[in-house]
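Everything below concerns the one structure shown next.
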Amino acid sequence: MTELTELTAVRLLDGYRKGEWSPVEAARAVLERAEAVQPEVNAFVRLTAEEALEQARESEERWRRGEPRGLLDGVPVTVKDILLQRGAPTLRGSRAVDPAGRWDEDAPSVARLREHGAVFIGKTTTPEFGWKGVTDSPLSGITRNPCDPSRTAGGSSGGSAAAVALGAGPLSLGTDGGGSVRIPASFCGIFALKPTYGRVPLYPASAFGTLAHVGPMTRDAADAALLMDVIGHPDSRDWSALSAPAGPYTEGLAGGVRGLRVAYSPSLGGQVAVQPAVARAVRRAVERLAELGAYVTETDPDLTDPVEAFHTLWFSGAARVTQHLGPHQRELLDPGLREICARGARYSALEYLAAVDVRMDLGRRMGRFHDTYDLLVTPTMPLTAFEAGAEVPKGSGHRRWTGWTPFTYPFNMTQQPAASVPVGADADGLPIGLQLVAARHRDDLVLRAAHALYGARVASAGGVRPSGS
């Protein structure tokens with residue numbers, strides 16, 4: 001019997017068309033899986049079973065009439081609890097947010113899912129206000145890795161990554177301000193794309209400004225392209241949103257990588273210490289790109305670690321997002337968040353603008369780099385998942401989460417599209433991710449190259465079964 005929880009969205013939709021299964025069957029299977037994994041992994045803030053089954057029944061009737069609505073009719077989806085979803089409190093991982101509210105508006109990406117008939121399974125966990133690269137919060141506790149619950153799922157979209165990996169819905173919406181879809185995708189063995197800034201509209205505007213992206217978290221690149229065809233369109237509430245793409249991302253997937261100019265940077269010029277198992281897995285995948293016809297050159301982009309400038313921008317955003325809180329509410333915050341907020345509040349306008357200058361220069365250098373190379377390939381993460389509940393790996397000497405994420409946050413500063421593709425595992429079975437980066441507005445190239453890796457079986461769309469299954 002087909003395990004509906006193990007199917008991609010593309011395959012589910014094909015089954016609906018052929019009458020092999022129904023949206024109600026899929027929703028029930030996904031809800032059952034979500035309930036089974038929640039006690040051990042803690043991927044959800046809340047499940048919305050009653051609403052999901054009603055949406056699935058309505059979808060099933062549309063399919064019965066031969067009148068499906070949109071591109072995702074009947075597909076189970078989850079949404080990170082940073083994004084507004086009508087009828088469900090968006091608590092953002094914080095005890096300082098009052099759940100009693102109107103909650104009567106969808107974020108743009110959520111609204112597009114609803115218009116296309118998606119079935120909303122639940123809201124996924126996040127660290128408080130999405131502030132760090134692991135997922136634990138005073139509100140919902142620790143989200144654990146589906147491959148090893150003693151390890152972190154990564155963050156800040158860790159609940160979404162764990163849900164997709166475990167079959168609790170093939171599609172999820174995450175957010176990424178410094179690696180927050182790519183970090184957990186790498187740790188949990190799924191695909192995630194941080195699109196070009198503005199490609200997926202965001203409302204309300206993030207306090208982290210133009211570092212913050214909304215992106216798909218999926219079982220493979222084809223599902224991500226399908227989801228981008230739904231959410232990658234402008235919304236009048238986001239003045240920085242880009243115009244509609246030239247055509248569907250799904251139509252460009254089959255182009256392959258033959259003739260593409262690929263730069264492979266194993267360690268950003270020796271700036272990053274990469275675990276040997278990670279380095280080997282990424283190199284093997286790069287060699288496969290060459291076998292598929294890409295012109296691969298081992299070289300490094302012209303950049304030095306912009307972490308201090310990133311901290312200025314990021315910590316200032318954290319201070320802004322909590323600025324309205326009173327003393328009692330501040331006492332409820334994650335202590336690490338309180339610490340960076342205090343630091344962020346001390347930056348001057350001139351210091352902030354100096355960080356913007358660093359960002360602009362980084363963007364210029366990467367723009368010139370992509371005059372020569374279509375794609376940059378790096379590891380997504382220099383390491384595999386470490387112990388759950390810690391912001392940094394034990395004994396690493398790092399002070400903040402940015403110390404172990406040097407491959408991700410630079411490309412939030414440059415607003416480029418970047419994806420994590422699962423390309424193997426270490427000796428403990430912990431997933432390893434490869435990062436693909438392209439010039440701004442070339443999301444299609446990132447998706448195309450990722451799809452080629454899946455087609456060559458370098459990347460796998462396999463999920464993780466819950467304990468005891």
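Just so we're clear, the structure is a prediction, and the values are computed from it rather than from any experiment. Start at 1 with the first residue, then count along the sequence.
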Query - Leu173 side, atom CG; Met217 side, atom CE - distance, nearest 0.5 Å - result: 10.0 Å
Query raised in the report: Is it the case that Thr196 and Asp443 place a side-chain donor and acceptor less than 3.5 Å from each other?
Result: yes
Query raised in the report: Do Ser186 and Thr380 meet the criterion of a side-chain donor-acceptor pair at a distance under 3.5 Å?
Result: no
Query raised in the report: Do the charged groups of Arg400 and Glu339 touch, with an N to O distance under 4.0 Å?
Result: yes
Query raised in the report: Looking only at atom types and distance, does a side-chain atom of Arg320 sit under 3.5 Å from a main-chain N or O of Phe208, one as donor and one as acceptor?
Result: no
Query raised in the report: Are a donor atom and an acceptor atom from the side chains of Ser157 and Lys80 found within less than 3.5 Å of each other?
Result: yes
Query raised in the report: Is a side-chain donor-acceptor pair under 3.5 Å present for Ser160 with Thr124?
Result: yes
Query raised in the report: Would you say the side-chain atoms of Ser240 and Tyr197 include a donor-acceptor pair closer than 3.5 Å?
Result: yes
Query raised in the report: Any chance the side chains of Thr126 and Asp81 put a donor and an acceptor closer than 3.5 Å?
Result: no
Query raised in the report: Looking at Glu387 and Arg144, does any basic side-chain N land under 4.0 Å from a carboxylate oxygen?
Result: no
Report summary line: The reported gap from CG in Leu7 to CG in Leu12 (rounded to nearest 0.5 angstrom) is 5.0 Å
Query raised in the report: So, Asp334 and Arg338, do they make that salt bridge, N to O below 4.0 Å?
Result: no
Query raised in the report: Any sub-3.5 Å donor-acceptor pair from Gln329's side-chain atoms to Gly326's backbone N or O?
Result: yes
Query raised in the report: Ignoring hydrogens and geometry, is there a side-chain-to-backbone donor-acceptor pair from Arg219 to Glu6 under 3.5 Å?
Result: yes
Query raised in the report: In terms of side-chain heavy atoms, does Thr384 have a donor or acceptor partner in Asp426 at a distance below 3.5 Å?
Result: yes
Requested in this report: Count the heavy atoms of every other residue, nucleotide or ligand shown that sit under 6.0 Å from CD of Gln275, and state whether that count exceeds 12.
Outcome: yes
Query raised in the report: Between Asp106 and Arg86, is there a salt bridge with N-O shorter than 4.0 Å?
Result: yes
Query raised in the report: Quick one: does Ser172's side chain have a donor or acceptor within less than 3.5 Å of a partner on Thr78's backbone?
Result: yes
Query raised in the report: Any Lys/Arg nitrogen of Arg283 or Glu287 sitting under 4.0 Å from an Asp/Glu carboxylate oxygen of the other?
Result: no
**Report entry** Salt-bridge criterion met for Glu25 and Arg57 (N-O under 4.0 Å)
**Finding:** no
**Report entry** Side-chain touch Val164/Phe191, heavy atoms, less than 4.5 angstrom
**Finding:** no
Report task. Verify whether one side chain among Ser140 and Ser137 offers a donor that lies under 3.5 Å from an acceptor in the other. Result -> yes
Query raised in the report: So, do Ser265 and Leu376 sit near enough that their side-chain heavy atoms are less than 4.5 Å apart?
Result: yes
Query raised in the report: Without hydrogens or angle criteria, can the side chains of Thr175 and Ser180 be said to hold a donor-acceptor pair below 3.5 Å?
Result: no
Requested in this report: For Asp235 and Pro201, indicate whether the former's side chain and the latter's backbone hold a donor-acceptor pair under 3.5 Å.
Outcome: no
Requested in this report: Begin from the C-alpha positions of Val321 and Trp131 and carry the test side chain to side chain contact (heavy atoms under 4.5 Å, CB included) through to its verdict.
Outcome: CA-CA 10 Å; Val321 81; Trp131 81 272; over 6 Å; no
**Report entry** 4.5 Å side-chain heavy-atom contact, Leu193 and Val446
**Finding:** yes
Report task. Test Arg64 against Glu58 for salt bridge (Lys or Arg N to Asp or Glu O under 4.0 Å), laying out the working first. Result -> CA-CA 10 Å; Arg64 189 193 64 78; Glu58 293 171 358; over 6 Å; no
Query raised in the report: Between Phe386 and Arg151, is there a cation-pi geometry (under 6.0 Å to ring centre, at most 45° from the normal)?
Result: no
Requested in this report: Go through the side-chain N and O atoms of Thr135 and Thr143 and say whether any donor and acceptor fall under 3.5 Å apart.
Outcome: no
Requested in this report: Apply the test salt bridge (Lys or Arg N to Asp or Glu O under 4.0 Å) to residues Glu20 and Arg11: give CA-CA distance (whole Å), side-chain angles for both, the deciding distance (0.1 Å), then the verdict.
Outcome: CA-CA 11 Å; Glu20 296 175 345; Arg11 182 68 183 96; 3.1 Å; yes
Report task. Determine, stepwise, if the pair Arg114 / Gln85 fulfils side chain to side chain contact (heavy atoms under 4.5 Å, CB included). Result -> CA-CA 10 Å; Arg114 200 181 297 279; Gln85 181 178 322; 3.9 Å; yes
Query - Side-chain touch Leu445/Leu436, heavy atoms, less than 4.5 angstrom - result: no
Report task. With the side chain counted from C-beta on, respond yes when Pro23 and Tyr16 share a heavy-atom pair under 4.5 Å apart, and no when they do not. Result -> yes
Report task. Would you please test Ile82 and Thr90 for side chain to side chain contact (heavy atoms under 4.5 Å, CB included) and show each step? Result -> CA-CA 6 Å; Ile82 289 287; Thr90 300; 5.6 Å; no
Query raised in the report: Would you say His451's side chain and Ala221's backbone share a donor-acceptor pair under 3.5 angstrom?
Result: no
Query raised in the report: Would Ser94 and Glu128 count as a side-chain hydrogen bond (donor to acceptor under 3.5 Å, both in side chains) if you check the C-alpha gap in whole Å, the side-chain angles of each, and the deciding distance to 0.1 Å?
Result: CA-CA 5 Å; Ser94 182; Glu128 198 160 22; 2.6 Å; yes
Query - Atom CZ of Arg457: over 12 foreign heavy atoms under 6.0 Å - result: no
Query raised in the report: So, the side chain of Gln271 versus the backbone of Leu268: is there a donor-acceptor pair under 3.5 Å, distance only?
Result: yes
Report task. Take the angle between the ring planes of Phe187 and Trp404 and call it parallel below 30°, perpendicular above 60°, tilted in between. Result -> parallel
Report task. Check whether any side-chain heavy atom of Arg399 lies under 4.5 Å from a side-chain heavy atom of Glu391, and answer yes or no. Result -> no
Requested in this report: Could you verify whether a donor N or O on one side chain and an acceptor N or O on the other, from Lys132 and Ser156, lie under 3.5 Å apart?
Outcome: no
Report summary line: Residue set satisfying ring pair (Phe, Tyr, Trp, His ring centres under 6.0 Å) with Tyr409, at least two apart, ordered chain then number -> Phe310
Query raised in the report: Taking the side chain as C-beta and beyond, is there a heavy-atom pair between Tyr249 and Leu226 under 4.5 Å?
Result: no
Report task. Start with the C-alpha distance between Ser59 and Asp73, add both sets of side-chain angles, then the distance that settles side-chain hydrogen bond (donor to acceptor under 3.5 Å, both in side chains), and finish with yes or no. Result -> CA-CA 6 Å; Ser59 172; Asp73 205 346; 2.8 Å; yes
Query raised in the report: Taking NZ, NE, NH1 and NH2 as the nitrogens, is one of them in Glu115 or Arg112 under 4.0 Å from a carboxylate oxygen of the other?
Result: yes
Query raised in the report: Hey, is the main chain of Leu211 close enough, under 3.5 Å, to the side chain of Asn412 for a donor-acceptor pair?
Result: yes
**Report entry** CA sep, side-chain torsions, deciding dist, call: Asn145, Thr152, side-chain hydrogen bond (donor to acceptor under 3.5 Å, both in side chains)
**Finding:** CA-CA 5 Å; Asn145 194 295; Thr152 180; over 6 Å; no
Requested in this report: Please examine the side chains of Leu325 and Leu332, heavy atoms only from C-beta on, and report whether any two atoms are closer than 4.5 Å.
Outcome: no
Query raised in the report: Is a salt bridge present between Asp176 and Lys194, judged by a nitrogen-to-oxygen distance below 4.0 Å?
Result: no
